[in-house]
Amino acid sequence: MCAQCTTKANGAAQPQPPATEQLLAAILTELQSMKATQASFEQKLESLALPPTSPHFSALGSPSTSGINLPALDGSPIITPFVSKPSETPKSPSIVAKKDAGPYSQRVILTTYPGQVGIHPIPLKWGAPSSAERGPVVASRHVNSLKVRNAIGAHSGSYSIYRALAAAQGLIDPNHRPDYTNTEPPVDITWNPSWDDKTKIVSIDPYGHLAPQVFKSFFDAGVDIRPTISVTKAHIKLIDMDEAVRSGSLEVDGKIVVKTPTEWINANRAASAEAKSARAEDDAASKQTLYSNFDAGVELNVSKAALEPVWYLPGIAERFGITEGALRRSLFEDTGGMYPELLTRHDLKTFLPPIGGMTVYIFGPVEYIHDETKELTLRIHDECNGSDVFGSDICTCTCRPYLIFGIEEAVKCAQRGGVGIVIYFRKEGRALGEVTKYLVYNARKRGGDNAADYFRRTEDIAGVKDMRFQALMPDVLHWLGIKKIDNMISMSDLKHDAIVNSGIPIHKRYEIPEDLIPPDSRVEIDAKIAAGYFSTTSVTDLSKTAGRLWEDLQH
């Protein structure tokens with residue numbers, strides 16, 4: 001066999017004719033030229049979309065002429081370049097903003113894409129063992145954050161719309177930088193292992209209350225770092241607690257339950273009345289001074305935290321047993337397509353949804369929360385404005401009585417040397433909303449309000465009887481560092497199962513006492529007991545439990 005045949009048989013590369021080599025070289029050169037042209041085109045397109053420099057940032061250096069030095073998670077600087085803004089209004093008709101767009105750019109950036117020129121999200125590693133390795137949550141579209149943001153959505157949930165209105169009217173600079181001086185928590189919600197476990201916490205940012213401090217270097221570099229949690233201390237004033245003290249159900253201990261400073265209030269009212277001009281005799285405010293000398297009752301000493309939702313999308317999807325793609329598509333479709341980057345930016349795994357958050361009320365020392373030797377009482381309460389605030393009789397009006405019962409039991413636990421916690425979720429009407437809730441009321445009262453049809457009335461209108469999704473609820477418990485619950489003030493099987501399945505044992509459950517159930521609320525309670533809610537009693541015939549109709553009442 002000749003040498004050439006041997007080479008072919010061994011699969012070795014054969015020498016190419018000179019003409020072929022020249023052709024390949026020409027193709028490579030053309031490809032490189034096309035790539036350079038496309039990069040230049042993308043750069044120019046980016047320059048058209050870049051927002052103008054805010055006057056507030058002039059002291060930091062214009063982004064049209066300089067980059068922004070961001071601290072990397074490993075300590076080295078990340079240089080994010082900015083391209084120059086066009087000198088005149090772009091002529092292209094596509095997505096051009098109107099002249100009255102205010103402080104925003106001439107072009108609207110509807111969405112961004114992975115690998116797009118100038119897009120460099122700050123690394124965000126959910127579940128990392130430290131804040132430095134985890135990185136900050138950046139959702140802002142402001143001038144120094146738009147190209148480095150790593151989250152979809154906006155801070156403050158549904159309240160972001162009010163901020164948008166303020167910006168549209170010129171009442172606020174969209175690039176306003178908050179001054180976080182003295183805003184740090186007065187009590188410590190400290191790290192615990194659940195913060196690093198992306199199966200335990202997927203719906204809130206565990207570093208949310210510490211963001212201005214632990215991510216200060218990013219803030220100083222010009223990035224819009226915002227807290228998603230804040231912690232404070234306060235006194236709660238509830239007339240129900242005054243009555244509990246008067247009845248002997250609750251004691252004044254001077255630490256958790258304290259006397260309201262009556263003398264100070266009276267003196268303040270007198271001084272205020274004297275300083276004001278005389279009011280008309282029939283003015284309601286003038287009559288208040290007649291009742292200024294009274295016993296002001298008691299107040300509850302409390303630490304509290306407000307939390308906004310921050311969703312880690314892969315974890316949310318896993319929690320509900322669906323794919324991340326299905327979750328993103330559903331979130332996009334059922335918000336009217338208002339978050340297109342849910343579909344275009346699969347590299348961004350964090351989403352700030354436009355929904356309400358929650359408030360945590362802590363009675364007793366905060367450090368007792370993760371001390372397993374201390375007794376812990378918990379009430380998880382889902383918002384019911386009609387009952388909680390106004391005591392509406394048409395509502396499932398055990399809501400306020402159950403809330404007050406939970407607060408009182410939490411206080412008593414703290415007085416026994418433990419800690420009591422009440423968590424208030426903004427999930428009005430089982431997260432169906434108050435409009436749907438009132439429609440259900442009308443259907444119940446017109447169709448015969450009985451326990452047998454209690455849940456069906458809701459499903460007929462909303463298509464589902466409950467959308468509170470308690471699977472996400474335990475995240476706040478893990479953020480607090482709760483390891484066990486001694487007393488659970490709730491009848492809900494959904495809440496109980498979600499907590500226990502998340503790894504937190506519940507030792508004892510308490511249903512609402514009979515004497516706190518208004519007669520018209522037996523419809524709700526009996527329907528829930530029959531549906532499997534916790535109770536020491538049972539219901540055999542739901543058709544016998546009926547509520548009042550409108551015709552039964554004087555209006």
Sort out for me which residue in Trp479, Phe215, Trp191 forms a ring pair (Phe, Tyr, Trp, His ring centres under 6.0 Å) with His209. Trp479
Is Glu409 reaching over with its side chain to a backbone N or O of Ile489, donor-acceptor style, under 3.5 angstrom? no
Check: Ser330 side chain, Leu327 main-chain N or O, donor-acceptor pair, under 3.5 Å: no
Would a distance-only check, ignoring hydrogens and angles, find a side-chain to backbone donor-acceptor pair under 3.5 Å from Lys374 to Ile369? no
What distance separates Ile506 CD1 from Ile485 CD1, expressed to the nearest 0.5 Å? 4.5 Å
Donor-acceptor pair, Lys349 side chain versus Leu124 backbone, under 3.5 Å? no
In terms of heavy-atom contacts, Val366 and Asp188 come closest through CG1-O, 3.4 Å
Output yes when a side-chain donor or acceptor of Asn150 lies under 3.5 Å from a complementary backbone atom of Pro121, and no otherwise. no
Is Arg416 salt-bridged to Asp486, going by a charged N under 4.0 Å from an acidic O? no
Would Arg379 and Phe405 count as a cation-pi pair here, with the cationic atom under 6.0 angstrom from the ring centre and within 45° of the axis? no
To the nearest 0.5 Å, atom NZ of Lys508 lies from atom CE of Met488 at 15.0 Å
Check whether any side-chain heavy atom of Cys384 sits under 4.5 Å from a side-chain heavy atom of Lys437, and report yes or no. yes
When you check the gap from the basic side-chain N to the acidic O, do Arg226 and Glu308 get nearer than 4.0 Å? no
Show me the pairs that pass ring-ring contact (aromatic ring centres under 6.0 Å, His included) and involve residues 328-377, at least two apart or across chains. Tyr339-Phe351
Would Arg468 and Asp466 pass as an ion pair if we require N to O under 4.0 Å? yes
If you round to the nearest 0.5 Å, how far is CG of Leu343 from CG of Leu331? 9.5 Å
Any carboxylate oxygen within less than 4.0 angstrom of a Lys/Arg side-chain nitrogen, looking at Lys125 and Glu133? yes
Identify whether the distance between the nearest side-chain nitrogen and carboxylate oxygen of Lys237 and Asp242 falls below 4.0 Å. yes
Is the shortest heavy-atom distance from the side chain of Leu352 to the side chain of Val137 under 4.5 Å? yes
Classify the side-chain pair Asn385/Glu428 by whether it contains a donor and acceptor separated by less than 3.5 Å. no
Contacts satisfying ring-ring contact (aromatic ring centres under 6.0 Å, His included) that involve residues 299-325 (not counting sequence neighbours) are Trp126-Tyr312, Phe320-Phe469
Can you tell me if Lys495 uses its side chain to pair, donor with acceptor, with the backbone of Ile380 under 3.5 Å? yes
Main chain of His142, side chain of Asn175: is a donor-acceptor contact present, judged purely on distance under 3.5 Å? no
Do the side chain of Thr344 and the main chain of Thr112 share a donor and acceptor less than 3.5 angstrom apart? yes
Which residue in the set Asp382, Asp493, Asp497, Asn501 passes side-chain hydrogen bond (donor to acceptor under 3.5 Å, both in side chains) when paired with Gln470? Asp382
For a 4.5 angstrom cut-off between non-hydrogen side-chain atoms, does Asp205 reach Ile229? no
Does the Thr377 side chain pair with the main chain of Gly420, one donor and one acceptor, at a distance under 3.5 Å? no
Donor-acceptor pair, distance only, cut-off 3.5 Å: does the side chain of Asp224 make one with the backbone of Ser140? no
Considering non-hydrogen atoms only, spot the tightest contact between Leu348 and Arg149 and give its length. CD2-O, 4.0 Å
Rounding to 0.5 Å, atoms OG1 (Thr190) and CG (Leu480) come to a distance of 10.0 Å
